[in-house]
K.L.:
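What follows is a structure written as structure tokens; I'll ask about it next.
Keep in mind that what you see is a predicted model, and the values were worked out from it rather than measured. Quick note on labels: first sequence line is chain A, next is B, and so on, each numbered from 1.
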Amino acid sequence: DDIETRWQAYWDAHETFRQPGPGDPGFDAAKPGFYALDMFPYPSGAGLHVGHPEGYTATDIVARYKRMRGFNVLHPMGWDAFGLPAEQYAIKTGTHPRVTTDANITTFRRQLKRLGFSYDWAREVDTTDPDYVLWTQWIFLKLYERGLAYESFAPVNWCPALGAVLSNEEVVDGRSEIGGHPVEQRPMRQWMLRITAYADRLLDGLDDLDWPASVKEMQRNWIGRSVGAEVDFRLVGHAEATLRVFTTRPDTLFGATYAVLAPEHPLVATVTTPEQAAAVEGYVAATVRKTERDRMEDRSKTGVWTGAHAVNPVSGEKLPVWIADYVLAGYGTGAIMAVPAHDARDFEFATAFGLPIREVVAGGKTDADGALIEPYTGDGLHVNSDASGRAVPGIAEAGVSLNGLDTAAAKTAVLAYLESNGAGRAQTTTKLRDWLFSRQRYWGEPIPVVHPAAGGAPRPLPASALPVLLPEVESYAPAGTGESPLAAIPEWVEAVDPETGEAVLRETNTMPQWAGSCWYYLRFIDPTNTGAPVDPEKERYWMPVDLYVGGAEHAVLHLLYARFWHKVLFDAGVVSTDEPFRKLVNQGMILGEVEYTAFRYAADEPFGYVSAEHAAESDEEDVAYTDTRDGAELVAVRVPESDVEKRGDGFVLREHPNVRVTSRAHKMSKSRGNVVNPDDIVAEYGADSLRLYEMFMGPLEQV
RNA sequence: GCCGGCGUGGUGGAAUUGGUCAGACACAGCAGACUUAAAAUCUGCCGGGGUACGCCCUGUACGGGUUCGAGUCCCGUCGCCGGCACCA
């Protein structure tokens, strides 16, 4: 009907944007390659959002430019099509996720083509396609072979509302990232991936990447490497047990005045004295009852003495051993030496419980009486003596002296002493935990493992048995017991080991949605290969990805997981590069139209707007506000732009100039009703207008 | 609180990476032309102050500094954005 659709039809018919690779007919080996990649979308039922074309247009511009500059350009598109929405729709309606997914993909493909992107559609991939699932499972077997996939029975993040287990990355503030439901800890059998084995490489590899500083920083924080030492304390009266702590400041060992175990620490039961047993048990019970959210909200220091003493390995001094929930069971060794003079948390705790505070590093602030006001946590010179020149107790008995040494030298000296006495060693810790990789869902890749029916260790299926495909089921709802709906299908679960003929039970857990997106950029290079995930020659030509554009929300999830898998594949000789994405650019978010909000009395109160000085600051809807003057209940109401007038820095109601109006653009959402459908824009103004407009209004983010 | 990033016109953003002229290219705005009028189109103006219209002074958040030379480098302050948050 117009020039755009006419040429789009021509491009389709003539495969104008077909890009052969090494070994393909028509490949021009003289040209250099350029790989311009978009984060492929989850094909949701809502169709394409106006946010999608922003990044896609940017890569398309670069792709077209590079083609004209004489590059072979790989510019593909596909579908990250496993995922919760299709499954939840299936639970509600009984429609098979395959049906929903196919319909959504058809819509997305049509919409993207209508926007005129120069994708090579012959390379389209769908993560739910059996040919694709095969290689995702094949990579899992590689992980397993390399000792990087294992079963765990540790407590996991269980979300009762979703009926599912979540990874650490999917839990935010003790609630599920999706839906904000409460999450609790519950022990369950799970599959884990040993991403921690790659922590150092994932951290160090960031240095050379051309990525936004903010994304690199987020990954660094997430991995959270800290360099320090483990120190072993003997326990008085327990020759068999050792209290092992982790510290980043071994140089402050002389300043330790007590030790703390996490309430969940296995030594708690061992060391607690009969006199203290009741208090300790009470405290542990109270801690277990607290949710992660409670712990975060209440930062006041609480704890109980166990009755035990630990021996400082450098001074021989006896330190009381406490339990307190400010020490986290899951980090380091779950136990610390407390140095209140040089750690803010220990200082708070020591102050609250009247424990001694001993300065060993110069630099602290004291009040008129010489008492420490706030802990000095920086580096500095070590002091062995008090103001009158007497050696500080503890240090006096020690075999080492740190007097006059700076922090770095003191660390070295303490470490050398500990190592020679077998009482400690240099140690690095990370916040990164292993990746919880199993989900109790239907719409995901089955984990290709079987369990002998007679009992015994699970074992991987041979590659020849792949793909393991999903069976038809009657109900897609999770069992609620922590088992996937697959567990309810005996015909599928009960199987025969293809190698031994033995009766086995299939693993009923499936992989998380991240699995498919961990390697899709490799499949684009060689989408129909039946012998390997990707042909090595083609991989060497195209990889690494030269430009990767997508939303900043993937800074630590997709981008960390994909780097991990890529490094494993590199070690396995499947790929030739250590990092998959050379340059990363974040696209911004496209917000809805600016909305104007004023405050009114709630329904029962006298009708009318509330003037500026009495209204609350925020403007979230569905929230009750209070009139700052008389305490009456207020509601935020949206007012049309025509009722609003600019006044000074802000806006006021035209009819009531004393009523302040806040103006703000919100994220587009169905509930807010401010969603703009790209189809409508294309129909009215054309694809080029939409593309140009988005490039104009929303620059790609540089940070 | 800690970590990271960023502050250039009404707006999005340029400035060959320390080099001759900051504000390219656009959007918006203002004025003019065309039109009965409007839209579209075309022309001109468009950081601030001054101007005898030739130009002159000043200006890249603010205050210092390094340099022959600073939007760019260093120190400090303020502001904004993002992330983390009892991680020992």
Side-chain angles (χ1 to χ4, degrees), chain A residues 54 168-169 171-174 196 199 206 211-231 233 243-253 255-263 265 287 290 292-303 322-350 352 374-375 377-378 411 427-433 551-557 559-560 586 588-591 594 646 649 665 689 692-703:
Chain A
E54 198 199 359
N168 290 328
E169 288 83 349
V171 180
V172 178
D173 290 346
T196 51
L206 291 170
W211 283 22
S214 59
V215 176
K216 290 208 232 183
E217 194 57 24
M218 274 188 257
Q219 292 212 356
R220 286 194 186 105
N221 289 343
W222 188 262
I223 295 166
R225 178 161 70 188
S226 47
V227 178
E230 278 179 0
V231 183
F233 288 66
L243 170 59
R244 177 168 289 180
V245 306
F246 174 76
T247 178
T248 55
R249 293 293 300 271
D251 58 300
T252 62
L253 188 46
T257 55
Y258 62 102
V260 188
L261 301 173
H265 197 287
T287 307
K290 271 198 208 174
E292 201 162 324
R293 211 176 174 75
D294 295 337
R295 266 205 191 196
M296 277 184 301
E297 271 163 19
D298 181 13
R299 294 284 180 93
S300 63
K301 295 287 181 289
T302 59
W322 287 62
I323 61 169
D325 67 2
Y326 83 92
V327 173
L328 307 175
Y331 183 76
T333 61
I336 61 158
M337 62 177 207
V339 185
H342 303 296
D343 180 278
R345 298 150 298 179
D346 297 344
F347 182 81
E348 245 182 81
F349 190 83
E374 63 182 59
T377 58
K411 279 181 180 172
Q427 177 68 41
T428 297
T429 308
T430 62
K431 282 194 263 189
L432 185 69
R433 311 294 164 74
E553 67 274 16
H554 290 114
V556 284
L557 291 162
L559 287 169
L560 191 66
N586 285 145
M589 195 190 309
I590 298 204
L591 301 175
V594 172
K646 190 155 176 66
D649 296 344
S689 302
L692 196 61
Y693 179 67
E694 290 209 4
M695 285 297 92
F696 166 70
M697 68 172 284
L700 297 176
E701 285 176 18
Q702 298 303 311
V703 291

K.L.:
Using modelled atom types only, decide if a donor and an acceptor are shared between the side chain of T333(A) and the backbone of R244(A) within a distance under 3.5 Å.
P.N.:
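Yes; judged by distance alone, with no hydrogens or angles, the pair exists.
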K.L.:
Touch check for K216(A), heavy atoms < 4.0 angstrom, all strands: base, sugar-phosphate only, or nothing?
P.N.:
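Counting heavy atoms under 4.0 Å across all strands, no contact is made by K216(A).
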K.L.:
Measuring only the P atom in each nucleotide, how far is rG71(B) from rG7(B)? A whole number of Å is fine.
P.N.:
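Approximately 14 Å lies between the P atom of rG71(B) and that of rG7(B).
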K.L.:
Hey, could you give me the CG/CH2 distance between L557(A) and W222(A), rounded to the nearest 0.5 Å?
P.N.:
7.5 Å
K.L.:
Say you draw a straight line from CG of L206(A) to CE of M218(A); how long is it, rounded to the nearest 0.5 Å?
P.N.:
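One finds 12.0 Å between CG of L206(A) and CE of M218(A).
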K.L.:
Which residues in residues 217-229 of chain A have at least one heavy atom lying under 4.0 Å from any atom of RNA chain B?
P.N.:
E217(A), M218(A), S226(A)
K.L.:
Just to verify, what does K301(A) make a side-chain contact (heavy atoms from CB on, under 4.5 Å) with, not counting sequence neighbours?
P.N.:
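If we apply the side-chain contact (heavy atoms from CB on, under 4.5 Å) test to K301(A), skipping adjacent residues, the hits are Y326(A), R345(A), E348(A), F349(A).
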K.L.:
Could you give the distance separating rU77(B) and rA26(B) at their P atoms, to the nearest angstrom?
P.N.:
42 Å
K.L.:
Send over the distance from E553(A) CD to rC84(B) P, rounded to a whole Å.
P.N.:
13 Å
K.L.:
Counting only Watson-Crick pairs (N1-N3 plus N6-O4 or O6-N4) and G-U wobbles (N1-O2, O6-N3), all under 3.5 Å, who is the partner of rU66(B)?
P.N.:
none
K.L.:
Which way is the base of rG9(B) turned, syn or anti, if we draw the line at 90° from 0?
P.N.:
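Chi for rG9(B) falls in the syn range.
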K.L.:
Working to the nearest 0.5 Å, report the span between CD1 of I223(A) and CG of L432(A).
P.N.:
6.0 Å
K.L.:
Calculate the interatomic distance between D343(A) atom CG and rG1(B) atom C1'; express it in whole Å.
P.N.:
13 Å
K.L.:
Between rU20(B) and rG79(B), how far is it from one C1' atom to the other, in whole Å?
P.N.:
34 Å
K.L.:
Is there a Watson-Crick or G-U wobble partner for rC2(B) with both distances under 3.5 Å, and if so, which one is it?
P.N.:
rG83(B)
K.L.:
Taking atom C1' in both rC55(B) and rG4(B), compute the distance separating them and give it to the nearest angstrom.
P.N.:
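Looking at atom C1' only, rC55(B) and rG4(B) are 47 Å apart.
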K.L.:
What is the base-pairing partner of rA38(B), counting Watson-Crick and G-U wobble geometry with both distances under 3.5 Å?
P.N.:
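Result: none.
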K.L.:
Kindly say if Y331(A) contacts the phosphate of rA88(B), meaning a side-chain N or O under 4.0 Å from OP1 or OP2.
P.N.:
yes
K.L.:
Working to the nearest 0.5 angstrom, can you tell me the gap between D346(A) CG and M337(A) CE?
P.N.:
9.0 Å
K.L.:
I need the CZ-C1' distance between F246(A) and rA88(B), as an integer number of Å.
P.N.:
8 Å
K.L.:
As a test of the definition: with a 90° window around 0 for syn, would you call rG64(B) syn or anti?
P.N.:
anti
K.L.:
Tell me which nucleotide, if any, is Watson-Crick or G-U wobble paired with rC30(B) when both distances must be under 3.5 Å.
P.N.:
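rG44(B) is the nucleotide pairing with rC30(B).
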K.L.:
Round to a whole Å and report the spacing from OH of Y326(A) to P of rG1(B).
P.N.:
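In whole Å, rG1(B) P lies 22 Å from Y326(A) OH.
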K.L.:
Given the rule in the side-chain contact (heavy atoms from CB on, under 4.5 Å) test, do R220(A) and E217(A) qualify, once you have shown the distances and angles that lead to the verdict?
P.N.:
CA-CA 5 Å; R220(A) 286 194 186 105; E217(A) 194 57 24; 3.5 Å; yes
K.L.:
Rounded to the Å, how far apart are W211(A) CH2 and rG83(B) P?
P.N.:
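W211(A) atom CH2 is separated from rG83(B) atom P by 17 Å.
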K.L.:
Applying side-chain contact (heavy atoms from CB on, under 4.5 Å), can you list everything that pairs with T428(A), at least two apart in sequence or on another chain?
P.N.:
R225(A), V227(A)
K.L.:
I'd like the P distance from rA14(B) over to rC6(B), given in whole Å.
P.N.:
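13 Å, rounded to whole Å.
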K.L.:
Nearest-Å distance, OH (Y258(A)) to P (rA88(B))?
P.N.:
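Going from OH in Y258(A) over to P in rA88(B) covers 16 Å.
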K.L.:
Does any nucleotide pair with rA22(B) by Watson-Crick or G-U wobble geometry, both distances under 3.5 Å, and what is it?
P.N.:
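Paired with no nucleotide.
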K.L.:
Using whole Å, what does the distance between atom C1' of nucleotide rG4(B) and atom CG of L206(A) come to?
P.N.:
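Rounded to whole Å, this separation is 13 Å.
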K.L.:
Using a 90° cut-off around 0 for syn, call rU58(B) syn or anti.
P.N.:
anti
K.L.:
Round to the nearest Å and state the distance from L557(A) atom CG to rG83(B) atom P.
P.N.:
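Answer to the nearest Å: 13 Å.
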K.L.:
As an exercise, state the distance from CD of E374(A) to CZ of F347(A), rounded to the nearest 0.5 Å.
P.N.:
8.0 Å
K.L.:
Roughly how far apart, to the nearest Å, are rC25(B) and rC46(B) at atom C1'?
P.N.:
15 Å
K.L.:
What's the gap between rA61(B) and rU67(B) when it is taken at their P atoms, as a whole Å value?
P.N.:
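Looking at atom P only, rA61(B) and rU67(B) are 23 Å apart.
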K.L.:
What interatomic distance, in whole Å, is found between C1' of rC73(B) and the corresponding atom of rC3(B)?
P.N.:
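Approximately 23 Å lies between the C1' atom of rC3(B) and that of rC73(B).
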